[in-house]
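I have placed the structure first, in the form of structure tokens, so that the comments after it can refer back to it.
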Amino acid sequence: MKLVIIGGTGLIGSKLVTTLREQGHEAVPASADTGVNTLTGEGLTEALQGASVVVDVSNSPSFEESAVMDFFTKSTRNLLKYAAAAGVGHYVALSVVGTERIPESPYLRAKNAQETLIKGAGIRYSIVHATQFFEFVKRIADEATDGTTVRLPPVLIQPMAADDVAQAVGRVAVGAPLNGTVEVAGPQQFRFDELIRQGLGARNDPREVVVDPHARYFGAELGERSLVPAGDARLGEIRFQEWLTQPAASGMRVTSR
Ligand SMILES: NC(=O)c1ccc[n+]([C@@H]2O[C@H](COP(=O)([O-])OP(=O)(O)OC[C@H]3O[C@@H](n4cnc5c(N)ncnc54)[C@H](OP(=O)(O)O)[C@@H]3O)[C@@H](O)[C@H]2O)c1
């Protein structure tokens with residue numbers, strides 16, 4: 001079975017390509033490196049030839065409001081058009097738990113628009129809603145930093161390792177289309193501030209993490225359960241403390257503060 005991984009050179013995409021190849025599938029990464037540009041359609045006809053499954057794990061280079069909406073809508077329209085022309089039977093996309101609950105966030109609004117396009121395209125599909133990646137903890141902290149203080153609301157979060165995300169997406173990609181959404185999450189829930197405090201503390205990051213109920217998360221105020229799965233999520237296995245001891249966690253290390 002040929003699966004084309006859009007964004008197959010990214011954090012999740014590269015792990016997904018490896019996982020699928022280990023299982024004996026023909027997994028083909030598609031990104032600028034392989035001559036594919038989803039915004040223009042360049043390279044998509046060639047890349048999708050003979051593909052049974054398209055998995056979109058690409059991401060917008062910019063999270064700025066109009067740029068991110070432009071990326072996910074243009075790119076998804078192109079992907080759906082070329083996938084239909086190639087006779088692709090299963091369209092899989094990775095999105096975020098809570099996209100429909102946090103419309104104040106420009107990024108999640110764009111992900112929601114991506115999902116709406118997929119649902120209306122007439123190709124059998126599966127959407128995987130994942131919680132925040134452990135690898136994203138430092139980016140979250142940076143976004144919430146004011147001087148030397150990180151302000152976060154005391155809401156629940158159930159983050160997961162990118163390795164577990166790739167496994168979950170891989171299982172969905174080789175299965176029958178769900179024509180629906182499945183939620184995946186990590187094995188533990190944290191208070192948001194506590195997770196970031198632990199993540200930064202493990203890397204000797206001197207920033208102080210404080211609770212602020214009105215602190216915004218990428219532009220949005222959050223409710224207690226905005227970021228955690230609404231239903232029975234499939235759970236990953238890797239725990240945060242275990243992940244912090246792995247070399248992959250070194251990307252969170254602060255070198256210049
Ligand atoms: N971060 C989180 O906590 C989180 C949580 C849940 C879901 N997600 C979702 O997970 C997905 C993957 O995230 P990630 O962190 O793995 O992304 P990433 O590491 O930033 O990788 C993005 C990939 O997209 C490719 N790409 C960007 N623009 C492209 C274009 N115009 N044409 C073709 N390829 C393009 C990149 O290729 P180049 O490097 O060549 O540009 C790269 O391979 C995202 O859709 C995100 O919404 C993230």
Side-chain angles (χ1 to χ4, degrees), residues 4-19 27-44 46-48 54-63 67-79 82 92-99 102 105-115 117-118 127-143 157-170 172-173 181-186 192 195-196 199 217-218 226-229 233-234 236 240 243 248 251-252:
V4 176
I5 315 303
I6 308 295
T9 53
L11 173 65
I12 302 300
S14 52
K15 291 175 186 293
L16 181 58
V17 168
T18 302
T19 295
V28 180
S31 68
D33 279 0
T34 66
V36 171
N37 184 345
T38 56
L39 289 174
T40 61
E42 184 191 342
L44 278 176
E46 297 79 0
L48 296 185
V54 166
V55 187
D56 182 10
V57 289
S58 65
N59 207 358
S60 173
S62 164
F63 286 15
V68 72
M69 181 59 85
D70 197 53
F71 178 87
F72 280 114
T73 51
K74 254 193 202 150
S75 160
T76 303
R77 282 198 182 97
N78 275 332
L79 284 170
Y82 284 89
V92 180
L94 178 58
S95 191
V96 189
V97 161
T99 46
I102 317 173
S105 153
Y107 184 84
L108 295 181
R109 257 202 320 273
K111 294 297 290 182
N112 204 31
Q114 173 190 20
E115 294 179 32
L117 289 169
I118 295 166
I127 294 171
V128 180
H129 269 189
T131 54
Q132 288 64 38
F133 310 158
F134 293 159
E135 287 77 357
F136 200 51
V137 160
K138 183 175 177 297
R139 173 95 189 251
I140 291 171
D142 292 348
E143 185 73 19
I157 187 165
Q158 197 169 335
M160 64 191 299
D163 279 327
D164 276 341
V165 178
Q167 291 294 329
V169 175
V172 170
T181 302
V182 65
E183 290 185 313
V184 301
F192 206 171
L195 172 78
I196 304 299
Y217 172 67
F218 291 95
S226 300
L227 298 179
V228 295
R234 300 178 187 176
F240 189 53
W243 178 84
M252 282 180 36

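Small disclaimer: the values here were computed from a predicted structure and weren't measured. Every number for a ligand or one of its atoms is a count from 1 in the order of the listing. We use all heavy atoms of the structure for the numbers below, so side chains are in, but hydrogens, waters and symmetry mates are not.
At least one N or O atom of Phe133 sits closer than 3.5 Å to an N or O atom of ligand 1. Residue Gly7 has at least one N or O atom closer than 3.5 Å to an N or O atom of ligand 1. Checked by distance only, ligand 1 and Asn37 come closer than 3.5 Å through their nitrogen or oxygen atoms. Between Ser58 and ligand 1, a contact under 3.5 Å exists for at least one N or O pair.
Nearest heavy atom pair, residue Pro229 against residue Thr131, reads CD-CG2, 4.1 Å. Contact between Glu135 and Ala162 at its shortest, heavy atoms only, is OE1-N, 3.2 Å. Residues Phe63 and Val68 share a closest heavy-atom pair of O-CG1, 3.9 Å.
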Subject >> Check against side chain to side chain contact (heavy atoms under 4.5 Å, CB included), His129 and Val184 >> reply: CA-CA 6 Å; His129 269 189; Val184 301; over 6 Å; no

Original post:
Can you check side chain to side chain contact (heavy atoms under 4.5 Å, CB included) on Leu227 and Val97, steps first, answer last?
Top reply: CA-CA 6 Å; Leu227 298 179; Val97 161; 5.9 Å; no

**OP:** Begin from the C-alpha positions of Thr73 and Gln114 and carry the test side-chain hydrogen bond (donor to acceptor under 3.5 Å, both in side chains) through to its verdict.
**Re:** CA-CA 6 Å; Thr73 51; Gln114 173 190 20; over 6 Å; no

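With hydrogens and angles ignored, the 3.5 Å screen pairs no side-chain donor or acceptor of Lys15 with any backbone N or O of Gln167.
Nearest protein neighbour of atom 29 (C) of ligand 1, counting heavy atoms only, is Phe71 CE1, 3.9 Å. Nearest protein heavy-atom neighbour of atom 12 (C) of ligand 1: Val57 O, 3.2 Å. Regarding atom 16 (O) of ligand 1, its nearest protein heavy-atom neighbour is Ile12 N, 2.9 Å. Residue, atom and distance of the protein heavy atom nearest to atom 14 (P) of ligand 1 are Leu11 CB, 4.2 Å. Protein heavy atom at the shortest distance from atom 41 (O) of ligand 1 is Ala32 CB, 4.8 Å. The single protein non-hydrogen atom nearest to atom 30 (C) of ligand 1 is Thr38 OG1, 3.3 Å, given as residue, atom name and distance. Summary of contacts: the protein heavy atom closest to atom 10 (O) of ligand 1 is Leu94 CD2, 3.2 Å. Scanning all protein heavy atoms for the shortest distance to atom 17 (O) of ligand 1 gives Asn59 CB, 3.5 Å.
Neither the backbone nor the side chain of Phe63 has a heavy atom within less than 4.0 Å of ligand 1. Residue contacts with ligand 1, taken as heavy atom pairs separated by less than 4.0 Å, do not involve Glu135 at all.
Every atom of ligand 1 with a heavy atom of Val36 under 4.0 Å away is listed here by number and element: 32 (N), 33 (C). Close contacts of ligand 1 with Ser95, meaning ligand atoms under 4.0 Å from a residue heavy atom, involve 6 (C), 7 (C).
Between the side chains of Tyr107 and Asn112, not a single donor N or O lies within less than 3.5 Å of an accepting N or O.
Under the 4.0 angstrom criterion for non-hydrogen atoms, Ile6 is not in contact with ligand 1.
Counting heavy atoms from C-beta outward, Asp56 and Leu79 have side chains that approach closer than 4.5 Å.
Annotation: cation-pi pair Arg139/Phe218 absent, no NZ/CZ under 6.0 Å from the ring centroid and within 45° of its normal.
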